[in-house]
S.K.: 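For reference, the structure I am asking about is given below.
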Amino acid sequence: MITETASAGPKDAQPSTRARNEAMLALLPFSDRQDFEDVSRGLVEAASTEAIRRPNGFPIWDLGAYSFQDAPTAPATVNPSLWRQAQLNRVAGLFEVTDRVYQLRGMDISNITVVEGDTGIIVIDPFISTETATAAMDLYRRHRGDRRVVAVIYTHSHVDHYGGVRALVSDDDITSGRVKIYAPSGFLENAVSENVFAGTAMSRRSHFQYGIFLPRNERGQVDIGLGKAVSSGTITLIPPTDLIDKTGTRLTIDGVDLEFQMTPGTEAPAEMNFYFPQFRALCAAENATHTLHNLLTLRGAEVRDAKAWSAYLNETIDLFADRTDVVFASHHWPVWGSDRIRGYLEDIRDAYQYLHDQTLRLINHGLTPMEIAETLTELPPGLADKWYLRGYYGSISHGVRAIYQRYLGFYDGNPAHLNPHQPTEAGRRYVDLAGGPDALLDKARAAYADGDYRWVAELVDHLVFTDPTNTAARELQADALEQLGYQCENGTWRSLYLSGAHELRNGVFHGVELTVATPDTIRAMSLDLYFDYLGIRLNADKAAKLPTRTLNWEFTDTDQTYAVTVRHAALTYRAGRGLPDPDATITLTRALLDQISIGDTTFEQAINNGALRIDGDPAALTELLGCLDEFHVMFNIVEP
Ligand SMILES: [Zn+2]
């Protein structure tokens, strides 16, 4: 037994953590090794374990960092079920799925699937980063020859399914028509908007969810359930050339037949499954993978629809199951054999329907979010022990709270919770109630010794938010979050807890600013989105001092006109027309606006060098610009 006193570094598992993790071994069918067979099936060549790095040394992708996972049994600091998933996700390389269908797995969080056509290849979901996508395609081509890309398919609007596209395709390929890019309708709007409005906060929260700044070891990041990690390279985006919008759409691309099923509102707002009749193979996008998936990703997003997810999987079964010998997705490994495929899809369908219906049943009995999460802790017999429904990425606990959110929102109905004090104010009062910081810490240390880490986290959070300089509080809080992390079956929960502990001990890391607001994303923004975002940046305290302003914007290259009004510290606009008697008319190109957004130039420079013309009162623009906030991604989370 190891019981250490607080010190600034990761601790070992405490007795109650050990006991909880050991109990998992009896709970789940670890002797079932089918997944280990499937994950290696068709291996052509294993991926290199050499790290891909940024010029400054920061790792973009580092499979070799996970070599500690060779150990067959889980260390006490890792939930054995997550350890099993971590080992599966570590099997990386080029795999033959079936004749003419290959996958590159374990080389980013997602999979690239390559389908070989008559003259070239169709590439499905080119990873997050160009660096990882390049390494993957090099591995593919070493074995399958230098086949040209004839088409790319984005299964859905998440960055891990398009960000590496410029490793495969150039603008010239698109303008010349040599390469087509297919995506579900709504792809671009959703891909961009999800990363813009709340993008800074989502980026920061995703650092926690994915454990980006954690060391890779048995007391650190081991896996995120959906894959090893997210890559940290160059994110690109080429807009689709062809949108698919109807279930039943059939296409032949380079001699390969495809049948599409639209699944909007499932795992992403724009998503689709598709079937290859010649290969009896089904691509299930991210709708059926080897984890219970997120109804609400903890980095933050709009909540998803469990009911729609279940219904679309029902349709998938009806459309394709009888004709399918292999189902693959853009994460994890395929499932082969028509009986197993049907059971797999039906189980996942049932799981989302069960969570949806049982949550609403409990809601209508008057239970509130945490009460539901504590009541509905397992799927029913027959589903609970299915490895592909364990909560490695999504979880029942945050899934049922997401369903509550979808139907009832943030308020649990209890007026005592309607208008509570904000964290620092509540903290001060709780610390006072406890008898001061030392008395609070005494209570918390006793709870820690009892293994009640959830209570420690709740209690000491009040003290940290009252006095973030209290080192004893920070260390105890870090210790408690860490034990909670060690117990998690869920890879993102583990990363969140351990990232919290890491920042309490080490402070916020400022070495690298990772955001998804990349040049391609900015260029792909509609002007509506641009002006929406300008409004989001408007600092109300400053803008409230401005008189009402009307600015007409004329974009000469795209022939678009916008009328922007700033009134009462709110920015509104009309697309497609100017307003009479504006304070100023601004004439520029969309290309210039993009250069300004990317940071290649500024409004001031553009005004000075004549690239941007202002007719009327120049102050109307400069005053507006003076009211815009800059967002900095590395804000505090575990302290005020
Ligand atoms: Zn994904």
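In this text the structure is predicted, and so the values were computed from the model without any measurement. Counting convention: from 1, in listed order, for ligands and their atoms alike. We use all heavy atoms of the structure for the numbers below, so side chains are in, but hydrogens, waters and symmetry mates are not. If you read the sequence from its start, that first residue is 1, and numbering goes on from there.
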S.K.: Run the salt bridge (charged side-chain N to carboxylate O under 4.0 Å, His left out) test on D305 and R406 for me, step by step, so that the C-alpha distance in whole Å, both residues' side-chain angles and the decisive distance to 0.1 Å come before the verdict.
M.R.: CA-CA 8 Å; D305 185 349; R406 183 172 184 88; 3.5 Å; yes
S.K.: So does H331 have any N/O/S atom less than 2.8 Å away from the Zn ion (ligand 1)?
M.R.: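 It does; at least one qualifying atom falls short of 2.8 Å.
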S.K.: Closest to the Zn ion (ligand 1), which N/O/S atom of H161 is it?
M.R.: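 Going through the N, O and S atoms of H161 one by one, NE2 ends up nearest to the Zn ion (ligand 1).
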S.K.: Restricting to N, O or S atoms, which atom of D160 is closest to the Zn ion (ligand 1)?
M.R.: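 That would be atom OD2.
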S.K.: When you look at E315 and R349, which way does the salt bridge (charged side-chain N to carboxylate O under 4.0 Å, His left out) test go after all the steps?
M.R.: CA-CA 10 Å; E315 187 181 58; R349 170 200 68 188; over 6 Å; no
S.K.: Near K386 NZ, under 6.0 Å, is it more than 12 heavy atoms from other residues, nucleotides or ligands?
M.R.: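 Enclosed.
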S.K.: Using side-chain heavy atoms (C-beta onward) and a distance below 4.5 Å, is H290 in contact with Y344?
M.R.: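 Answer yes - side chains close enough.
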S.K.: Measuring to the Zn ion (ligand 1), does E267 have an N/O/S atom at a distance below 2.8 Å?
M.R.: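 It does not: E267 brings no N, O or S atom closer than 2.8 Å to the Zn ion (ligand 1).
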S.K.: What N/O/S atom of E286 is the closest to the Zn ion (ligand 1)?
M.R.: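 Result: OE1.
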S.K.: Which residue, N287, T247, T249, T316, forms the side-chain hydrogen bond (donor to acceptor under 3.5 Å, both in side chains) with Q261?
M.R.: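 Considering N287, T247, T249, T316, a side-chain hydrogen bond (donor to acceptor under 3.5 Å, both in side chains) with Q261 is found only for T316.
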